[in-house]
Student: 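One structure follows; several queries about it will come next.
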Protein chains: 2
Amino acid sequence: MSEKRLQEAIVTLKDSGVRITPQRHAVLEFLLNSMTHPTADEIYKALEGKFPNMSVATVYNNLRVFKDIGLVRELTYGDASSRFDCNTTEHYHVICESCGKIVDFHYPSLDEVESLAEQVTGFDVSNHRMEVYGICSDCQTKNAH
Amino acid sequence: MSEKRLQEAIVTLKDSGVRITPQRHAVLEFLLNSMTHPTADEIYKALEGKFPNMSVATVYNNLRVFKDIGLVRELTYGDASSRFDCNTTEHYHVICESCGKIVDFHYPSLDEVESLAEQVTGFDVSNHRMEVYGICSDCQTKNAH
DNA sequence: ACACTAATTATAAAGATTATTATGTAATAA
DNA sequence: TTATTACATAATAATCTTTATAATTAGTGT
């Protein structure tokens with residue numbers, strides 16, 4: 001299933017004049033197959049075996065390329081490193097304050113918030129982001145002890 | 001008007017057993033008087049004249065103290081440093097993607113989002129955050145040239 | 001004023017990300 | 001096919017924000 005998305009992503013890249021290198025392909029594939037939202041370092045570590053010579057900078061470079069083209073989104077949170085999300089359909093995130101897990105959840109887009117903000121502030125609004133914070137069920141049971 | 005808030009904040013600090021040092025007082029006062037949401041470095045630079053010997057660590061230490069007590073909130077955004085907000089009443093932020101300016105705006109709290117997320121994901125939800133992104137009116141006129 | 005404890009300073013260290021530079025590789029044109 | 005050009009990579013250094021450490025200084029209650 002994600003095979004199809006991979007092919008589509010590669011077409012998108014090629015149309016943008018981006019070369020498909022082995023490393024680039026691997027980073028993209030890993031991102032598309034991962035249901036979690038990995039950090040750059042997690043991607044780096046995961047591909048270390050297949051590409052022992054790969055540099056961290058390469059991961060960052062490729063993530064930037066994907067981001068510029070719109071294939072992935074960068075999620076930035078407080079004290080930790082950025083996470084990368086290849087699910088470009090509209091959705092929000094629920095984040096566990098205990099273990100850092102990120103779970104997708106769907107909710108009708110908050111368009112009215114955007115238009116209100118536009119009226120009140122005079123901004124030309126382009127998008128918004130929202131996250132819900134809490135404790136995931138795993139950590140709830142763990143903490144019960 | 002912010003004089004009153006400053007006094008209240010100092011009382012809150014004392015009640016928590018926190019000493020009021022000159023540096024601490026200055027950081028707090030600067031935060032309460034600033035309508036922008038300064039970064040730790042901006043606070044540091046602003047107080048450099050008055051406290052030539054002050055260390056950056058002191059700013060961070062004090063911000064952490066204020067945060068732990070609930071006097072300020074830490075706002076963390078993408079590629080830049082954290083910003084600190086002493087307005088603890090419920091409100092959201094509109095952020096300029098061009099100059100980084102942050103403007104407060106009020107909107108009824110999205111409680112239903114929280115409860116839906118709770119049902120769908122099994123999380124024990126505690127709070128949420130939302131920001132709207134766009135171009136502020138200043139930058140709109142600038143870019144018109 | 002004294003003693004106790006916390007706060008400050010200065011510095012080092014950590015961690016994430018970006019910049020640099022030289023080398024390598026893929027695409028294109030002659 | 002070869003030369004040329006532009007883009008990618010790797011390795012490393014540098015930067016930037018934030019935290020940790022250790023020694024010194026300074027508030028606060030008695």
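Here is the naming used below: chain letters follow the sequence lines, and residue numbers restart at 1 for every chain.
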Student: Which nucleotide wins on minimum distance to the side chain of B:A57, given the candidates C:dT8, C:dT9, C:dT18?
Tutor: C:dT9
Student: If you measure from CG on B:L28 to CG on B:N33, what distance do you get to the nearest 0.5 Å?
Tutor: 9.5 Å
Student: With DNA chain D as reference, determine whether B:V56 or A:G17 sits nearer its 5' end, using the nearest nucleotide of each.
Tutor: A:G17
Student: Distance from B:I43 atom CD1 to B:R83 atom CZ, nearest 0.5 Å?
Tutor: 10.0 Å
Student: On a heavy-atom basis, which atom in A:H128 and which in A:S109 lie closest, and how many Å separate them?
Tutor: CE1-OG, 3.8 Å
Student: Are OP1 or OP2 of C:dT17 and a side-chain N or O of A:S82 less than 4.0 angstrom apart?
Tutor: yes
Student: Take the protein atom CG of A:L75 and the nucleotide atom P of C:dT17, then report the distance between them rounded to whole Å.
Tutor: 12 Å
Student: Looking at B:D41 and B:K45, is any side-chain nitrogen of the basic one under 4.0 Å from a carboxylate oxygen of the acidic one?
Tutor: yes
Student: Return no unless some side-chain N or O of A:Y60 is found under 4.0 Å from OP1 or OP2 of C:dT17.
Tutor: yes
Student: Counting only side-chain heavy atoms from C-beta out, which of C:dA16, C:dA10, D:dT9 sits nearest to A:T58?
Tutor: D:dT9
Student: Report the residue (B:E74 or B:V18) whose heavy-atom-nearest nucleotide on DNA chain D is the more 5′ of the two.
Tutor: B:E74
Student: Taking the side chain from B:S55 and the backbone from B:A57, do they hold a donor-acceptor pair closer than 3.5 Å?
Tutor: yes
Student: So if I take every side-chain heavy atom of B:S55 and compare against D:dT19, C:dT8, C:dT9, which nucleotide ends up nearest?
Tutor: C:dT9
Student: Can you tell me how far P of D:dT9 sits from OH of A:Y44, to the nearest Å?
Tutor: 14 Å
Student: Between D:dG27, C:dT17, D:dT19, which one does the side chain of A:A40 approach most closely?
Tutor: C:dT17
Student: Choosing from D:dT19, D:dC7, C:dT8, which nucleotide comes nearest the side chain of A:R19?
Tutor: D:dC7
Student: Using a 4.0 Å heavy-atom cut-off across all strands, classify B:N62 as base, sugar-phosphate, or nothing.
Tutor: sugar-phosphate
Student: Please find the pair of heavy atoms, one from A:Q140 and one from B:G122, that lie closest to each other, and give the distance.
Tutor: NE2-O, 3.1 Å
Student: To the nearest angstrom, how far is A:R64 atom CZ from C:dA19 atom C1'?
Tutor: 10 Å
Student: B:I10 has an atom CD1; how far is it from atom P of D:dG27, in whole Å?
Tutor: 14 Å
Student: Using OP1 and OP2 only, check whether a side-chain N or O of B:Q23 sits under 4.0 Å from D:dA26.
Tutor: no
Student: Heavy-atom nearest nucleotide on DNA chain C for A:N61 versus A:D41: which residue maps closer to 5'?
Tutor: A:D41
Student: Using atom CG of B:L47 as one end and atom P of C:dT9 as the other, report the distance to the nearest whole Å.
Tutor: 11 Å
Student: With a non-hydrogen cut-off below 4.0 angstrom, is B:T21 in contact with a base, only sugar-phosphate, or nothing?
Tutor: sugar-phosphate
Student: What is the distance, rounded to the nearest whole Å, between atom CD of B:E48 and atom P of C:dT8?
Tutor: 17 Å
Student: I want to check one thing: is the phosphate of C:dT8, taken as OP1 and OP2, less than 4.0 Å away from some side-chain N or O of B:R24?
Tutor: yes
Student: Take the protein atom CD1 of A:I43 and the nucleotide atom P of C:dA16, then report the distance between them rounded to whole Å.
Tutor: 14 Å
Student: Given atom CZ of B:F51 and atom P of C:dA10, what is their separation to the nearest angstrom?
Tutor: 14 Å
